[in-house]
K.L.:
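If you scroll down you'll find the structure; I have some questions about it.
All of these numbers come straight from a predicted model, not from anything done at the bench. Letters go in sequence order (proteins before strands), and every chain restarts at 1.
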Amino acid sequence: MAKGLTKRSKDYSQWYNELVIKADLAENSAVRGCMVIKPYGYAIWEKMQQQLDKMFKETGHVNAYFPLFIPKSFFSKEADHVEGFAKECAVVTHYRLMNDPDGNGVVVDPSAKLEEELIVRPTSETIIWNTYKNWIQSYRDLPIKCNQWANVVRWEMRTRLFLRTAEFLWQEGHTAHATKEEALEETETMIKVYAEFAEKYLAVPVIQGLKTENERFAGALETYTIEALMQDGKALQSGTSHFLGQNFAKAFDVKFASKEGTEDYVWATSWGVSTRLMGALIMAHSDDFGLVLPPKLAPIQVAIVPIYKSEEDLAKITEKVDVIVAELKKRGISVKFDDSDNRKPGWKFAQYELQGVPVRLAVGPRDIENNTVEVARRDTLTKEVVSIDGIEDYVTDLLDQIQDNIFQKALDFRAEKTTVVESYDEFKKVLEEKGGFIMAHWDGTSETEQKIKDETKATIRCIPLDGDKTPGNCIVTGNPSAQRVIFAKAY
RNA sequence: CGGGGUGUAGCGCAGUCCGGUUAGCGCACCUGGUUUGGGACCAGGGGGUCGGGAGUUCGAAUCUCUCCACCCCGACCA
């Protein structure tokens with residue numbers, strides 16, 4: 001167990017909070033609700049960005065950048081959209097400071113009031129659609145498939161590092177299409193990109209599905225989501241892709257001339273994932289000893305710790321290790337040889353475990369004598385002494401195994417925590433005693449969904465795209481249900 | 001915004017009830033030495049507007065008033 005890390009079984013929430021701090025991923029800042037992402041945490045985010053960016057480009061998208069500030073009036077144009085965000089917007093009202101005439105430091109200069117307030121973007125649909133208006137005249141200008149990497153601000157009342165912060169980092173894709181079909185296809189393509197990324201890189205299994213009307217994005221006609229299950233049995237919405245119909249095109253008057261010479265509004269999508277994925281990554285895999293990172297996203301994939309009594313020992317070890325390091329690097333594996341002499345090996349072992357380094361090699365005099373290294377894997381916490389010959393192949397293979405293993409572990413966990421229920425009583429019992437995903441029939445109405453939420457705090461996470469489509473009867477009203485939907489308590 | 005809590009060294013805390021030596025402890029940090037196969041040890045050292053302001057008092061971390069910040073529970077949250 002990591003020193004001072006609360007056990008998951010004792011207080012999962014506290015375990016998470018402590019882990020983020022102790023693993024040096026992020027910390028609270030001087031600004032309420034806003035976090036400082038520390039270098040080690042940011043390195044993981046960068047790896048996510050790199051991979052996602054690659055996948056976006058492979059699916060035909062390009063990057064651009066739009067302003068941080070949005071004129072207030074833009075928010076008046078789409079009624080549902082403003083309704084969804086109005087309560088959590090930061091507003092810029094002035095553009096100048098001055099020395100306090102009473103000598104109490106600096107104050108806002110009252111004469112520098114903006115004629116129109118600026119909203120710090122909570123999301124960029126409005127500013128982007130205002131811009132797209134100028135870019136689009138003809139069907140030949142379509143599709144437009146832009147993504148931006150940015151920060152956004154949502155003034156949340158209660159925040160938690162990575163899971164819900166007032167400012168967070170994300171990417172938001174905004175596309176414009178000539179037809180409904182093409183926009184729908186884009187929406188679905190992107191949720192699949194997210195699902196693939198989550199499963200292959202984060203090693204977090206996700207369920208793809210549609211949001212109900214209650215849970216839909218403000219201004220969207222349809223919201224696709226990927227839902228992941230955390231170790232405490234709660235769901236985490238990990239990425240969304242929205243079909244916006246012609247809502248924003250109509251709000252910002254974006255029309256195009258079709259091939260046939262008719263004029264029509266443009267069809268839109270938007271999709272995003274945020275630093276919340278860091279939360280998913282942390283909560284899905286980590287244990288009471290600290291982080292467990294999937295090798296594909298670990299900033300350090302292999303840490304090498306020398307064990308020595310004398311300088312001569314260290315020299316011999318370094319000689320051997322340098323060869324291993326060079327070979328691993330040649331294969332694109334990030335490796336850190338930690339020969340710092342201010343920490344003992346035991347401390348280093350614990351630290352790399354806390355920080356989730358997938359593979360640790362220890363090399364001491366005994367190994368030099370026997371031509372071996374000690375290999376420890378983070379996911380299983382097992383150790384093995386192997387020959388130094390072919391160690392590069394061994395490690396390369398091991399990293400793949402670890403990636404597969406932690407995904408499989410998460411998948412098994414989800415299977416175990418997914419329950420099919422037939423009645424509302426059973427629903428409540430499972431929710432109370434077991435948690436996790438609950439698959440139940442629902443009559444499709446917001447009223448029933450709301451009733452369940454009010455009574456149990458569970459929400460419909462999604463109407464899954466794949467799997468069992470057998471109709472049945474709603475567990476609350478008994479009315480017909482087209483298919484089971486997934487309920488859970490959510491973050 | 002309602003209920004509860006906390007503010008003392010970089011971090012974590014004691015001291016506050018009942019005012020009175022030079023404000024203390026653990027970790028971290030610096031120096032030297034011994035150590036190094038699972039979070040080392042010894043010796044020495046540095047670091048404080050006790051959240052801010054006002055008041056009571058010979059004397060305030062401690063009592064009073066006031067302001068501020070943060071945390072937890074709730075409400076809120078695509």
K.L.:
Could you tell me which residues satisfy side chain to side chain contact (heavy atoms under 4.5 Å, CB included) with A:Arg164, sequence neighbours excluded, listed by chain and number?
P.N.:
A:Glu156, A:Arg276
K.L.:
When the C1' atoms of B:G74 and B:C18 are considered, how many whole Å apart are they?
P.N.:
37 Å
K.L.:
RNA chain B in dot-bracket, Watson-Crick or G-U pairs under 3.5 Å, [ ] crossing, | other strand?
P.N.:
((((((((.[[[[.)....(...]]]].((((((.....)))))).....[[[[[..)....]]]]])))))))....
K.L.:
So, A:Lys316 and A:Glu369, do they make that salt bridge, N to O below 4.0 Å?
P.N.:
no
K.L.:
If I take atom CD in residue A:Glu156 and atom P in nucleotide B:G74, what distance separates them, rounded to the nearest angstrom?
P.N.:
16 Å
K.L.:
When you check the side-chain N and O atoms of A:Thr159 and A:Thr165, is any donor under 3.5 Å from an acceptor?
P.N.:
no
K.L.:
Grab the NZ-C1' distance between A:Lys457 and B:G74 for me, whole Å please.
P.N.:
8 Å
K.L.:
Among residues at least two apart in sequence or on other chains, which ones pass side chain to side chain contact (heavy atoms under 4.5 Å, CB included) with A:Ala220?
P.N.:
A:Arg216, A:Phe217, A:Thr223, A:His242, A:Leu244
K.L.:
Roughly, in whole Å, what's the span from CD in A:Glu18 to C1' in B:C11?
P.N.:
13 Å
K.L.:
How long is the gap from CZ on A:Phe349 to CD on A:Glu374, to the nearest 0.5 Å?
P.N.:
6.0 Å
K.L.:
Taking the six-membered ring for Trp, are the ring centroids of A:His61 and A:Trp271 within less than 6.0 Å of each other?
P.N.:
yes
K.L.:
Looking only at atom P, what distance separates B:C41 and B:U36, rounded to whole Å?
P.N.:
14 Å
K.L.:
In plain terms, say whether A:Glu455 and A:Lys451 are close enough for a salt bridge, that is, a side-chain N and a carboxylate O under 4.0 Å apart.
P.N.:
yes
K.L.:
Distance between the P atoms of B:U62 and B:U21, in whole angstroms?
P.N.:
14 Å
K.L.:
Name every residue in residues 66-87 of chain A that has at least one heavy atom under 4.0 Å from any atom of RNA chain B, in order of residue number, or write none if there are no such residues.
P.N.:
A:Gly84, A:Phe85, A:Lys87
K.L.:
Measure from CZ on A:Arg160 to C1' on B:G74 and round the result to the nearest Å.
P.N.:
16 Å
K.L.:
About how many Å separate CD1 of A:Ile406 and CZ of A:Arg377, when rounded to the nearest 0.5 Å?
P.N.:
9.5 Å
K.L.:
How long is the line joining CH2 of A:Trp155 and C1' of B:C1, in whole Å?
P.N.:
17 Å
K.L.:
Using atom C1' in both nucleotides, what's the gap between B:G15 and B:G33 to the nearest angstrom?
P.N.:
36 Å
K.L.:
List the residues meeting side chain to side chain contact (heavy atoms under 4.5 Å, CB included) with A:Glu449, not counting sequence neighbours, and say none if there are none.
P.N.:
A:Thr212, A:Asn214, A:Glu215, A:Trp442, A:Ile460
K.L.:
Of the candidate nucleotides B:C77, B:G39, B:G74, which contains the atom at the shortest distance from the side chain of A:Gln351?
P.N.:
B:G39
K.L.:
Output side-chain donor-acceptor pairs under 3.5 Å for residues 67-76 of chain A, partner residues at least two apart or in another chain, one line each.
P.N.:
| residue | atom | partner | partner atom | Å |
| --- | --- | --- | --- | --- |
| A:Lys72 | NZ | A:Glu117 | OE1 | 3.3 |
| A:Ser73 | OG | A:Glu116 | OE2 | 2.7 |
| A:Ser76 | OG | A:Ser73 | O | 3.0 |

K.L.:
Expressed in angstrom and rounded to an integer, what is the separation of A:Phe217 atom CZ from B:C77 atom C1'?
P.N.:
14 Å
K.L.:
Between A:Ser238 and A:Glu227, is any side-chain donor less than 3.5 angstrom from a side-chain acceptor?
P.N.:
no
K.L.:
Taking any heavy-atom pair under 4.0 Å as a contact, classify A:Arg360: base, sugar-phosphate, or nothing.
P.N.:
base
K.L.:
Pairs under 3.5 angstrom, nitrogen or oxygen only, protein versus nucleotides 27-37 of chain B, please.
P.N.:
| residue | atom | partner | partner atom | Å |
| --- | --- | --- | --- | --- |
| B:U36 | O2' | A:Tyr308 | O | 3.4 |
| B:G37 | OP1 | A:Lys344 | NZ | 3.3 |
| B:G37 | O6 | A:Gly364 | O | 3.3 |
| B:G37 | O6 | A:Pro365 | N | 3.2 |
| B:G37 | O6 | A:Arg366 | N | 2.6 |
| B:G37 | O6 | A:Asp367 | N | 3.2 |
| B:G37 | O6 | A:Asp367 | OD2 | 3.4 |
| B:G37 | N1 | A:Asp367 | OD2 | 2.5 |
| B:G37 | N2 | A:Asp367 | OD2 | 3.3 |

K.L.:
Pick the C1' atom in B:A40 and in B:C77, then give their distance to the nearest Å.
P.N.:
48 Å
K.L.:
Quick one, which residues of residues 226-240 of chain A touch RNA chain B with a heavy atom under 4.0 Å?
P.N.:
A:Gln237, A:Thr240
K.L.:
Using the C1' atoms only, state how far B:A61 lies from B:G20, rounded to an integer number of Å.
P.N.:
13 Å
K.L.:
In whole angstrom, what separates A:Asn28's CG from B:C70's C1'?
P.N.:
9 Å
K.L.:
Quick one: A:Lys453 NZ to B:A75 P, roughly how many Å, whole number?
P.N.:
10 Å
K.L.:
Pick the C1' atom in B:C25 and in B:C65, then give their distance to the nearest Å.
P.N.:
33 Å
K.L.:
Report the residues that fulfil side-chain hydrogen bond (donor to acceptor under 3.5 Å, both in side chains) with A:Arg121, sequence neighbours left out, ordered by chain and then residue number.
P.N.:
A:Tyr65, A:Asn151
K.L.:
Can you sort out the partners of A:Glu327 under side chain to side chain contact (heavy atoms under 4.5 Å, CB included), two or more places apart, ordered by chain and number?
P.N.:
A:Lys330, A:Arg331, A:Glu392
K.L.:
Not counting sequence neighbours, which residues clear side-chain hydrogen bond (donor to acceptor under 3.5 Å, both in side chains) with A:Thr372? List them please.
P.N.:
A:Asp367
K.L.:
When the C1' atoms of B:G24 and B:U35 are compared, how many Å lie between them, rounded to an integer?
P.N.:
31 Å
K.L.:
Only counting residues at least two apart or in another chain, list the ones meeting side-chain hydrogen bond (donor to acceptor under 3.5 Å, both in side chains) with A:Asp287.
P.N.:
A:Arg378
